[in-house]
Structure formats: C-alpha cells, structure tokens
Amino acid sequence: MVPADEGGRLMRTDLLDDPVDGLDEALAAVDAFDDALVAGLLRPQPAQTDGIVALAAALAGTPLAALVAEAADKTAAGTAGEDHLVALAAARTALMGSVHDALTARIGDVTGRPAAEETAQAATGEEPAAHVLAAARAWLCDLARAGWQGIDHELVGGAAPVVSALLPDPALRRQATLLDGFAAELAASCPGATLERVPVRRWADLWSRALLLTLPGAARTPAVSTATGRLLPLGVDVQEHATAVQAQVHAVFEPADGTRPRLVRAAVSAPKPDTVVGAGLWQLLRPRMSLLAAVSEGRAVELDAMPVTAEGDLVWDDEHARAGEPADPFATARVVLATATDPLTAPLDRHPARIAVPVLLEGYAAEREDGGPLTFTVAGHRLAVDTDRVPAAGPLTPEAIAASGACLGLLRWDAGAFLLQPLAVETTVRKKTVAVHAGAWAGGTTDKAGVRAEKAATDTVAVLRERAGKLLRS
C-alpha cells in the first residue's frame, strides 16, 4: 500500500497482480476467432467453425446475440455475406471492448481516480460518399474470405484504388490511413502461403477496426466543446514509424471555472523520411504545435476556448494557447494528478492496446535479474517497466530509469500483464535530485547529444529537400 494522501502515486499496486474476472475467457474467444481468419472464411474447416461458434457463444445474452449467432451459422456454412462478416467484426470488437473496460476499471481501483461522466454528444458532419466506403468494405470482406494464408499481391493490390478514392476527403482520412498501412503490411508478407509466422491478433485487430469504420456514421467528426483554463503537461509519448511520427502530450487541465481537473491529451503528427530519426523528429513536429516548446521549457499553457472532444483530446490550435508560468510535471503529479478525472473512451477505441493512463510511482526498488526486463517493486509487488518504448528523441535512457527514485509514466497492459512506460524520472546526480524527461528536447536543446542529432537531421532534411526540388523542376 502507498499512502493515499500523497498525490498521484499508485495507491493499490497489489491489485495489479489480481486476476480480472472473465478476462481470460473473453480473450480465448477472440483468439479462437482470430485463428479462424488465418485460413480464411470462404470454406471454413471444422477447427475454424469451432472458433466462429466460440465467438458467438461469448456474446450470448447480449444485444448482439441473435445477430452474431446468425452470422456464425452462415459463415460456418460458407455462405456469409458482407453483413454477416460485419456482425462478426462487431462481436470481436465488443469482446475486446469488454476487456478494455475491465482493465480500465481495475486501473481506476489502483489509482483511486474517478472516470469522467458520460454526456450524450452526437457526432457532426455530413455522411461521406457511401460508395467509397462500400468498396473498402468489399475489399476487407474478400480478405476475410481468403484468410491471411491466402493473400497474394493481386488481392492486396485491390486496396490501392480504394485508398486513392478515400484520401481526397478529409472526413475519410482516418480510414484511408488505416487501409493504406494495413495493405502495406499485407503486401510485405505476400504470398501468405509461405508465411512462417502470422501476426494473428494484430491483423485481426486491423481488419475488424477497418471494417467497422466503413459503416454509416463512423466517419463523422466527434462532437467538441471548448476548454478554457490552465494546462499542466505531464509528459510526451513519442510513437515512430518508418514513414510517420506522432508526439502525444499527456496533461492535466484545470478549468477556469473551478470545476474538477481532468486528464487530457494533445497530439501532433507528421510524415517523415526513414532517414530522420532520434532528436531530428522534433524538427518535423515543432512547427505544428507550440505546446512542445512549453513541454521542454517546463511551463504551463493557458488555454482560451481550445476545442476538446468528450474523450479528452484537445484539437490543438495555437491561436487558443499562450505560454504560462513554470510548472514542474512532478509537482503537478504529486499535487493534482490524484484529483483529476480520467477521460472517457470512444466506443470504437475501446481496446486494451489503447490503454495509457498517467501515474506517478515512488518508493520503489528497481531490479533487473539476469539481463531480463527492468521491474519496479513497490510494497512487495513487481511491475514490469517497458524501456523499449523510451524514444531516442530525448535524454531519458534505460540506465537513468534504473537509477531513479520517482517515475512519471503511462500504465499500460500488454501480453497479459500491466506494465509501466516511463515518461520522466527523478534521479540523483552529484547528490542533487535531477528530473530527466523523454520530451525534454521537444522545443530545442543545448544538450550535446541532442545538438548533434539535430544537426544530423537538419543536414538530412536539407539534402532531401534539394533532391525533391530537382525532381519537381525536372
């Protein structure tokens, strides 16, 4: 137990080790269906039929029961239409959503923080062209019928015209990006018959999410309100891909009207060449969001009517923000974090992989046995530390984490267990407590390593721009 009067610390770490009722059964049903997708649903064999039936059985007693049972029967008989495959994708998504809800409820018990109250807010915007989404849905259903072992370049290439039709419409950009990335992964694995290892759950996740995003209403813009008050940054989570990068700032928002503080996020992303890595990533992101400068300077940000969704995502606009007073993230976590409400999660985002809850951990012992993963032990309970998620774009290192006495991070769930992704740590250097942040270089740095990395990135970007200019001129 950690004293409950000490700010944002984890309070009941013992609960992280306790089993969650129904979790294993829900995941087993999902895995059974995912295995059926490997060989395809065109002519399912008995083992695949068992997986489809297991999915339907897991939904018995729910509003989806009759719909999914019919879909399972049709699929087992090899006569499933698009509506039946959509129903199976919805059933799988609902099960993963139940896992998400059970895990977030457990995290709420651990932190003692309340969840925000749900308010009915309808999505806005016109319905995009239905024929484009129908084409995407048809391609995804063809994928399910072929299965991951049945994919080839001709089948996967069918996504290209669909993506090209989706991209011009900003309302369909999310669907286009998802389909494009999914198709690229599949193309790199063709032909499926020769695959030695299939990323079964990942591809099933992408397939079911993409299929549901083709349904009417899925592409509408979430309703937004406005936020006026003080934003206190906690840390930055950097997510990097070969062709894109995103920085997501986790923060506490204190409304000017004196209502309860709440956890919010603000994200910025940018396309990137695969040669820009490390601290060079910030050059691509800084021009798009002034919040990154405030993070590296350790300042609060004053918001004036900043758009924000019900899920706590700030729709960042620099016109609605100005730099505020100095604000130490660890002080924010110790004083305010425990009183802030956790954000809601949109229905289609309810997935255990999306769990990322800010917490402050202190009073732990860092251990690494036989070269294994780093763990923090608090009150006799061990919590795995995911140092692989620490970005190279900042000064935070696994060594600094192992030598730390306080850690501000994101509580996640992966491979059947909770783990901690560090965003910042406090460690002792020459008898002084020093804070090291993953996002310390977000707004620029005088750190020697950071300066060298920035210069290398500047040179790379300059060369790429010169080459691009020559191509355009020719």
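Bear in mind that the values here come from a model prediction, so they are computed numbers and not experimental data.
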Could you give the side-chain donor-acceptor pairs of residues 21-32 under 3.5 Å, partners two or more places apart or in another chain?
| from | atom 1 | to | atom 2 | distance (Å) |
| --- | --- | --- | --- | --- |
| D31 | OD1 | R201 | NH2 | 2.7 |
| D31 | OD2 | R201 | NH2 | 3.4 |

List the atom pairs, with distances to 0.1 Å, where a side-chain N or O of residues 291-299 and a protein N or O form a donor-acceptor pair under 3.5 Å, not counting sequence neighbours.
| from | atom 1 | to | atom 2 | distance (Å) |
| --- | --- | --- | --- | --- |
| S296 | OG | A293 | O | 3.0 |
| S296 | OG | G443 | N | 3.1 |
| R299 | NH1 | G324 | O | 3.0 |

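Going from atom CD of Q48 over to atom CG of L41 covers 6.5 Å, rounded to the nearest 0.5 Å. Taken from CZ in F418 to CG in L383, the straight-line distance is 9.5 Å, to the nearest 0.5 Å. The CG atom of D257 sits 9.0 Å away from atom OG1 of T228, with the distance rounded to the nearest 0.5 Å. Here the CG-CG distance, from D50 to D35, works out to 11.5 Å after rounding to the nearest 0.5 Å.
Between Y364 and F376, the ring planes lie parallel to each other; the angle is under 30°, not in the 30° to 60° tilted range.
Contacts of R173 classified as side-chain hydrogen bond (donor to acceptor under 3.5 Å, both in side chains), with partners at least two apart in sequence or in another chain: none. Listed by chain and number, the residues in a side-chain hydrogen bond (donor to acceptor under 3.5 Å, both in side chains) with S290 are D318 (sequence neighbours excluded). By the side-chain hydrogen bond (donor to acceptor under 3.5 Å, both in side chains) test, D414 pairs with no residue at all, sequence neighbours left out. Partners of R106 by side-chain hydrogen bond (donor to acceptor under 3.5 Å, both in side chains), not counting sequence neighbours: none found.
Aromatic ring centres of W441 and W282 lie farther apart than the 6.0 Å criterion allows.
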task: Verify side chain to side chain contact (heavy atoms under 4.5 Å, CB included) between D386 and L420, making sure each step is shown before the conclusion.
output: CA-CA 6 Å; D386 190 354; L420 183 70; over 6 Å; no
- request: Go through E325 and R230 one step at a time and tell me if the side chain to side chain contact (heavy atoms under 4.5 Å, CB included) criterion holds.
  value: CA-CA 10 Å; E325 297 296 319; R230 185 170 66 158; 5.8 Å; no
- request: Applying side chain to side chain contact (heavy atoms under 4.5 Å, CB included), run through L143 and W203 and close with a yes or a no.
  value: CA-CA 11 Å; L143 274 184; W203 284 359; over 6 Å; no
Working for side chain to side chain contact (heavy atoms under 4.5 Å, CB included), residues M289 and V249: CA-CA 11 Å; M289 190 167 72; V249 180; 4.1 Å; yes
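Side chain to side chain, T341 and R260 fail the donor-acceptor criterion of an N or O pair below 3.5 Å. D205 and H351 are linked by a side-chain donor-acceptor pair at a separation below 3.5 angstrom, with hydrogens and angles left out of the test. Counted by atom type alone, H381 and D14 present zero donor-acceptor pairs between their side chains at under 3.5 Å.
Looking at S404, its side chain never comes within 3.5 Å of a backbone N or O of E426 through a donor-acceptor pair. Between the side chain of T377 and the main chain of G380, no donor-acceptor pair closer than 3.5 Å is present.
The side-chain contact (heavy atoms from CB on, under 4.5 Å) test with Q175 is passed by exactly one of L178, L172, T177: L172. Tested against R350, the residues T104, D101, T93 include a single side chain to side chain donor-acceptor pair (under 3.5 Å) partner, D101.
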